[in-house]
Amino acid sequence: MDLFLAQLLNGCALGALYGLFGIGFGLVFATMGILNAAQGAYASWAAIIAMYAIELAGLPFPLAALAGIAAGGAVAVLVDQLGFEPLRRFGPGNHQAAMLGALITSIAFWIMLDSAAGLMTGQQSLAFPPGSYPATVFQIGPLLLPAMQAVSLLALAVVGGGMHWLNTRTRFGAAMRAVGWDPVAAALGGVNSRVIVVATAGLAGGISGLAGILAGISTANISAGLGQGLMLKGFAAVVVGGYDDIRGTAIAGLLLGVLEVFCAQYLSSSWRDAFAYALLLGFLMLRPRGLFGGGGFTRA
Amino acid sequence: MLSISQLKASYGAITAVRGIDIEVPRGTLVALLGANGAGKSTTLRAVAGIHRPITGSIRLDGAEISRLKLHQVVRRGLAFVPEGRMVVAPLSVEENLTLSSYAGRGDQAALLARVYALFPRLAERRKQTAGLMSGGEQQMLAIGRALMTAPAMLVLDEPSMGLAPAIVDVVFDAIAALHRQGQSILLVEQNAAIALGVCDFAYVMKRGEIVASGKPETLRDSAEIAEAYLG
Amino acid sequence: MSDLLEDLWAAYASTLGFAMVNAFFALATYATLSAGILSFAAVTYGAAGGFLGAQLLLNTTLPLPLIFLASALAGLVMAMIVAALFLRLESHWMALSSLALVLITRVVVLNTPGLTGGVNGLSLPAPLSMIWLVALLALAVFGFWLLDRSWYGIAAKSVREDPSVAACLGIDPRRIQLIAMAVSGLAGGLGGVLMAMMLQFVSPDTFFIHVAFTMIAGVVLGGSHHWFGPVLGAAVFTALPTVMQAVVPDLQDIANGAALLLIMIFLPRGLLDPRAIRLRRAAK
Amino acid sequence: MTFRSTLAALALAAGFAAPALALDAGTYKVGFVTDNTGPLAFAGTSFTRGAELAAEQISGGGYMAVGAKIELVQKEGAGDAARSIQSYNQLIADRNVIATACCILSPIAGAIKPIALNNKVPLVIYGATAPGLPSLPFVYSVTGLPGPAEVAMSKHIAEVAKPKTVAYFVLSDNEAFQGRFKASQAAMEAAGAKTLGVVSVLSADTDFTAAATQAIALKPDLMMVYTTQSPAAGIIAAVRARGWAGLMSANDAISPLAVFKKIGPPLAGVPFPVNFSADASETPKAKGFIEAYTAKFGAAPDLYSAQGYTAIWLIAQGLKSLPGKPSREALATALNKITELEHDVYGGLPMTNGQAGTRYTLFLNWTPDGKIAAWKP
């Protein structure tokens, strides 16, 4: 029973990272209709920058994390404005062409950013200097809760809750959804879609960056490949949760994490990913709108 | 209020608007009539900043707006109700309306009250998802959204299109009411009869040119109207 | 002089070979894209053809043409399964599902070592002769050219532009897309066995996400509105790393990405764009 | 060139005991497929640097013959089979390339091997460890097969620490590590240490909290880690972070300094078997290598650097024994005759049927301050 609870906690902490990354990934997909292959690189970059902020600039952990998040956001904005903005002149009338073009430019950025990240880390897998981040382990009854697991869970709760509130309760959220639906329709209300798009890209990059930093600490692995693992599972979380549903993504992320850990503990670690992806496929087939099933509008 | 002069616009090699002049004085309701493909919608898209014109000037209260983008035009005080409504389907009625706070024009609460007074139907369905409403309700919402930006100039593109006759009456009653309150309006309409019933002045377009203009009572039975629609 | 030519051939024959093999995957991707479906599933068809072909090569004495045929059919069967499952989904979800399928393919390949050799893959001491490759590619390209000129080609174009308009013209979009997926499966399955023979081994990594991404990129790069675009795009995409290695060895990956980005921004319809060609002809 | 041959003629005339037939002065190209980018770059860069240093020392030191040099021609394989094959083909298309070296991953080595055999080019494999890769007279491996070192360490641990129960971490999708694990497990069981459980992890895994929890719950006397570098580091860090202080052992993957930099003190006291370490290898040749490497690259060599270095020295030893301007086939035949490497950093490297063996295994561990020292329980 203790083992079950301990693994449940481990699964949730792992899933929190998937959910967090997925929220960033889903934001870009829901708002801009872009399947962004470069999203994983934002996580790698944020983790690398945060690590160097501690190692070279000597910043304390919270500031370094902020620097990493800002870097993730900045890279995301850069990718958006250099890689996606030129393609938006296709206009809303030609969605498939625009989506396809953006997928390709995002692949181009993925190649470039990953390769540059490899140069920044000297092709090594690095880690935050020991002792530079909270490393206490809390004892809760029979359970051990390392501080970073608590931070991951907290981050998912805060970011997930905050983004859900922002998306559904604020005028910025409404503007984001409006731009995602149709930039011209949003502009009819006076919304400058370019500002919203840049802000959304930055937000998405920052959130994925935060996921990257937390993953980099809890796995003691900061490298160019950090983001790719997050991306595959984050992508699954987005689809299972419903791509425009932040609550759904967060919960689906937790679910995937728990599923993964339980499969490894009780079934077979080699079929572990098969369960995750089979769940993903099942949702695509049976509940393509995700856990909570959103409205169901097709774009024009 | 709005003055368009020597406006020329094209799609690639096809010239859709060939140098037209239109004047909408303050407080008037001016109609732009013509058959399908006459160039009316292109003219409006140019005015709204969605389609970039080749030459010509578009002035709002004396200020040039022909090089502005749609959201900038809206923020200057020209609101646009496009053909096909273009409401934001996944948003609720009220969210669609309050998007306009981005235009930064006027007291939002007062504007919202005014829109709900004009269209009580919208007030009833304020939490309703816009995409699930009927065409007539969506048209009301599109007009409401335009009004939420406290426009100096309201531009409507084919507001009667695809609506049941009873709803068309409701929409045009509202347009007439706005006109009475002193709202400057440019109305593009295929249904000449109904447009001529509410406007102060009308232009008739054919193949990208203005072929006639005048007061509704003089145009109503003119040969130009008949020819513009038939030929 | 002939020595020089011989050396050049020795150095770049394998690049040319991979370019031609990649052309099959690009054509498989193009087949669905030209009917309006963004699908990454060509990788899965490739895995079906590749592993089946490898097993036949290792355990039977079947003549090569039969092995090629069997592999193409394996791709076709896989494509029909995918069609049955995914074709009813709308385009966004179709793209996501096919991506999920690529992930699942890898897990299945890893965990069925009896069929696929598992993580170690299968070694194939059966080098592929260039003549076969050229002949099969010529055949495939000829097939696509024929399709493009047939009623199917016209119907596919209209489905891609607007399925509802196509439906009004009496074209059943589902039927067109089903044919598109069948063609994709055949090309992908054949590409799979050719890739296995070219590499002389197959492993789970042979058919994974990077193949999906590079092939989509190859198609769009070459031109997704013309049957020869994918072949051209695959060639450029295969040769690019080799060229970049010679020019900027330290930054070759960054240079690859930058080249892809620039082409997409300045030639968004790809290197080979029938519309631009028509316009240029019209201008003359 | 003429100056050098004149010198050689003079030397002969002066009656020096020069070999009657010697390798021609000149440059001998060695093709080297690098993995400096891609998933294996962390090790790939070390292999390349070791090889570069070897080529430089051989060329400068007149090891083979006066004026004979080795030029390393590098092409990137990026850990990708298709790219490695293309690079390899480009390398051997140059007729002046007399020998080649490649490959960290066994499947890629397996794909390159037939090309070397078909083209009759000597190929020295520097990283991949799948059994059966060497194929005389063309394909050689300078990396010892997995197993013997792990067995030796297992016996040593069983003797000094006397664990009764063991839990193993194994990379289930890597055959080489499966092999190491099985050999070690057999040795431990023979010594009476029961297997409590095997925790499987995958190469691509990064989060080991759950795996650590699973192993700790088994309450073993000893945990043995048979995975590649990143998972091994992650597993040890995760187990220690959860407060388990019992005995853990690992393998040579954790010997590079980068691993200690990453994990820090939790790595201390974990024994691993290795045949080369910059801190512990003490033969004169090893010391010379470590000194020259540190001077050239500003960092100490790791086991990968040593393997890259060894690969090139093996080729040089083959060339040295040949007269005139040898062909690829002649070099292959010469390599075939080598039974012991002359210039090795391991304190002895026997070659049997093209496969390098190990004569000495060091049992080392990290100290809490980041030094490598002999392991004492």
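Please read these numbers as outputs of a predicted model, since none were measured by experiment. Order of the sequence lines sets the chain letters (A, B, ...), proteins ahead of strands, with each chain counted from 1. Atoms considered below: every heavy atom in the structure, side chains included; atoms not considered: hydrogens, waters and symmetry mates.
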| Which distance, rounded to the nearest 0.5 Å, do you find between the CG of A:L188 and the CE of B:M86? | 6.0 Å

| said: Has B:R75 got a side-chain atom pairing as donor or acceptor with A:G190's backbone, closer than 3.5 angstrom? | reply: yes

| field | Pairs of heavy atoms under 4.5 Å with chain A: top-ranked of B:V73, B:N96, B:V81, B:V74 | value | B:V74

| request: Return the minimal non-hydrogen interatomic distance between B:L99 and A:A178, and the atom names on each side. | output: CD1-CB, 3.7 Å

| task | Return the option, out of B:E95, B:M148, B:K69, with the maximum number of heavy-atom pairs under 4.5 Å with chain A. | result | B:E95

| query | Among residues 191-201 of chain A, which residues come closer than 4.5 Å to chain B, judged by heavy atom distances? | reply | A:V191, A:N192, A:I196

| What are the two closest heavy atoms between B:L70 and A:A187, and how far apart are they? | CD2-CB, 3.5 Å

| Which atom pair, heavy atoms only, marks the closest approach of B:S101 to A:R171? | OG-NH1, 2.7 Å

| remark: The interface call for B:V88 against chain A, heavy-atom contacts under 4.5 Å, is both

| message | For a quick test of reading the model, state the closest non-hydrogen atom pair linking B:Y102 to A:A175 and the distance between them. | response | CE1-CB, 3.6 Å

| Do other residues, nucleotides or ligands put more than 12 heavy atoms under 6.0 Å from B:R59 CZ? | yes

| message | Side chains of A:R177 and B:P90, heavy atoms from C-beta outward: is any pair under 4.5 Å? | response | no

| query | Heavy-atom distance under 4.5 Å to chain A: side chain of B:V87, backbone, both or neither? | reply | backbone

| Set of residues satisfying side chain to side chain contact (heavy atoms under 4.5 Å, CB included) with respect to B:S41, sequence neighbours excluded | B:E83, B:D157

